[in-house]
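In what follows, a single structure is set out as structure tokens and then discussed.
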Amino acid sequence: MELAEQVLGQNWAEGEREGTSYAYTQPSPGRYPWQWYWDSCFAAIVWRRFDRARARAELESLLAAQRPNGFIGHTIFWGAPVSFPRLLFYNVAARSSFQTETIQPPLLAWAWRIAVGDPAAEPRIAAQIDWLAANRDLERDGLLWILQPDESGLDASPKFEPVWGRYSNGRIGFPLLVRRNRRAGFDARRLRDRGHPVLCETLVNTMWSLSLQALGRPSATPALVERLWDERRGLFVDEAQPGAVRPAPITWASLAPLALPDLPDEIGRRLVEEHLLNGREFLTPVAPPSVAASEPSFEAGGSRGPIRRYWRGPTWVNSAWMVWLGMRRLGYVAEAARLAAGLIAAVEREGLREYYDPCTGRGLGARDFAWSALIAELADLDPAAAASYL
Ligand code: GLC
């Protein structure tokens with residue numbers, strides 16, 4: 001796909017910071033100039049089609065930002081520190097910080113396997129996994145917990161509101177949450193011990209399980225099923241503590257475990273047949289919407305009001321790709337092809353936008369958005385790559 005290559009190429013940034021070289025794809029140069037962890041993983045997956053050296057350099061830049069204890073932040077400020085107005089919303093210890101103190105869905109090991117090679121040959125990848133296990137597996141059952149909605153990558157999804165209420169991303173109180181968590185050193189265990197919310201979130205743990213498996217470690221999928229699978233509703237539901245709160249809104253994250261190669265087939269089939277192919281929920285012309293169309297919070301055109309709020313209805317290409325992987329694995333080949341065709345048509349008409357109206361396909365949000373280049377995966381299945389998905 002020429003468009004994918006062209007946008008990745010024009011968003012490419014290279015430089016040097018205090019003697020360390022970096023190279024990565026800006027998610028969207030105007031709006032998102034820095035290096036975002038999961039955006040880079042998706043960009044590298046597509047780069048491997050055109051330029052393997054860049055795919056590797058992109059992921060190497062994440063590793064170049066890694067702290068000696070293994071931690072890699074959600075956003076890395078290579079060229080310039082975070083701008084003053086964004087300080088209120090960005091999870092940095094101080095304005096001059098080189099990276100945030102928070103995480104994003106940990107798919108580096110999986111992305112490395114797809115785009116570069118065996119992640120077990122790169123000890124820094126295992127070091128990040130070890131940091132996550134030591135600091136975020138709060139209940140020692142092999143699953144990770146997050147301390148803010150945006151650690152899931154799904155910033156203002158309505159599923160966070162039963163947990164964080166008016167302190168959720170995109171709500172007026174969010175800067176207060178950032179301030180409080182900054183004071184607690186963004187330490188999940190400390191926050192939990194003080195009675196503040198932490199969340200065992202489905203998408204983060206899906207990525208976690210993919211990465212563990214890519215690295216040859218025991219899968220987290222059985223624990224994910226054990227803790228978050230809701231047999232009655234036929235989907236995955238997060239769990240918040242304190243209080244074992246189970247947020248009710250149905251979002252695409254409830255279906256994300258479809259990307260797991262070791263998800264039990266009967267669970268995958270329920271996700272597909274009861275939800276993904278359900279016209280009231282996720283079977284829109286350009287699917288899957290980030291929130292089920294049946295939810296009162298669903299907003300097809302993005303968000304209403306003065307504050308930009310993400311993941312409240314529009315369709316994102318990374319989500320489509322993840323559920324598409326599962327549909328194909330389970331043999332829903334024609335349905336997967338239809339889902340891909342809907343999004344491909346929208347991309348051809350509108351370009352690589354950040355997200356799309358799930359009903360009309362209208363392009364929304366940032367322009368020339370890098371991870372929307374994942375449309376190349378949906379448009380052209382590379383058999384060698386498909387095998388390396390796991
Ligand atoms: C938005 C998205 C997040 C992404 C970032 C950069 O905050 O919600 O997932 O990483 O933009 O593209």
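Just follow the structure's listing: the first ligand is 1, and inside any ligand the first atom is 1. Remember, it's a predicted structure, so these values are computed and weren't measured experimentally.
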(message) Check whether Tyr22 forms a cation-pi arrangement with Arg17 (NZ or CZ under 6.0 Å from the six-membered ring centre, at most 45° off the ring normal).
(response) no
Between [X] and [Y], a side-chain donor and acceptor under 3.5 Å:
X: Trp47; Y: Thr25; result: yes
X: Glu16; Y: Thr20; result: no
X: Ser40; Y: Glu58; result: yes
X: Ser168; Y: Glu161; result: no

(message) Minimum distance, heavy atoms only, to atom 8 (O) of ligand 1: which one of Trp311, Tyr310, Trp316 is it?
(response) Trp311
(request) For atom 3 (C) of ligand 1, state which one of Ala370, Gly153, Ser28, Pro27 supplies the nearest heavy atom. (result)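 Nearest heavy atom to atom 3 (C) of ligand 1 lies in Gly153.
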(request) Please confirm whether Trp371 comes under 4.0 Å of ligand 1, counting heavy atoms of the residue only. (result) yes
(request) Work out whether the distance between some heavy atom of Gln104 and some atom of ligand 1 is less than 4.0 Å. (result)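 Yes, that is the case, since the closest heavy atom of the residue is under 4.0 Å from the ligand.
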(request) For atom 7 (O) of ligand 1, find the nearest protein heavy atom and state the residue, atom name and distance (0.1 Å precision). (result)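 Nearest protein contact, heavy atoms only, for atom 7 (O) of ligand 1 is Asp155 OD2, 2.7 Å.
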(request) List the closest protein heavy-atom neighbour of atom 10 (O) of ligand 1: residue, atom name, distance to the nearest 0.1 Å. (result) Asp39 OD1, 2.6 Å
(request) Answer yes or no: are there more than 12 heavy-atom neighbours, outside Arg192 itself, under 6.0 Å from its atom CZ? (result)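 Counting other residues, nucleotides and ligands, CZ of Arg192 exceeds 12 neighbours.
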(request) Report, in ascending order of atom number, the atoms of ligand 1 lying under 4.0 Å from any heavy atom of Trp38. (result)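 Per the distance check, 3 (C), 4 (C), 9 (O), 10 (O).
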(request) Using a strict cut-off of 4.0 Å, indicate which atoms of ligand 1 neighbour a heavy atom of Phe369. (result) 12 (O)
